[in-house]
Amino acid sequence: MAQVLVQPGDIQGGRFTVRGDEAHHLIRVLRKQPKDAVRLFDGQGQMYRGVITHLDSETATVQGDIVSTLAASERRCRLR
């Protein structure tokens, strides 16, 4: 599952919007399509699971629905 940075203000009302270089990467490099799952993080400690609903390569935007907020235990990793 792709993981992308989304601006905190671009997560509103159960929906998300990814813009700019991150959207370009999803569209052109990873070739994501509607109904594909993505993991989103906002750089402030919140992580979400989402599903893409719309991609626009001309404006470099990806929109979708937030499916769930990841629990703290899902976000932790152990380093040895």
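The structure presented is a predicted model; accordingly, all values stated were derived computationally and were not measured.
Residues in residues 16-26 take part in these side chain to side chain donor-acceptor pair (under 3.5 Å) pairs, two or more places apart or across chains: D10-R19. The list of side chain to side chain donor-acceptor pair (under 3.5 Å) pairs with a residue in residues 55-65, not counting sequence neighbours, reads R15-D65, D56-T59, T59-T61.
Checked against side chain to side chain contact (heavy atoms under 4.5 Å, CB included), Q44 has the following partners two or more places apart in sequence or in another chain: P8, D42.
Contact of the L40 side chain with the R49 side chain is not registered, since no non-hydrogen atoms from C-beta on lie closer than 4.5 Å. Two residues are said to be in side-chain contact when any heavy atoms from C-beta on lie closer than 4.5 Å; V38 and F16 meet this criterion. Between Q46 and Y48, the closest side-chain pair of non-hydrogen atoms falls below 4.5 Å.
Annotation for V67: hydrophobic cluster partners, listed by chain and number, are V51 (ILVMFWY side-chain heavy atoms under 4.5 Å, direct or chained).
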Pairs of donor and acceptor atoms involving the side chains of residues 27-35, under 3.5 Å and at least two apart or interchain, shall be tabulated with distances.
none

Taking it one step at a time, do F41 and V6 satisfy side-chain contact (heavy atoms from CB on, under 4.5 Å)? CA-CA 6 Å; F41 66 100; V6 63; over 6 Å; no
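Note on I66: it clusters hydrophobically with I52, by side-chain heavy-atom contacts below 4.5 Å among ILVMFWY residues.
Closest approach of V18 to A23, counting heavy atoms only: O-CB, 3.4 Å.
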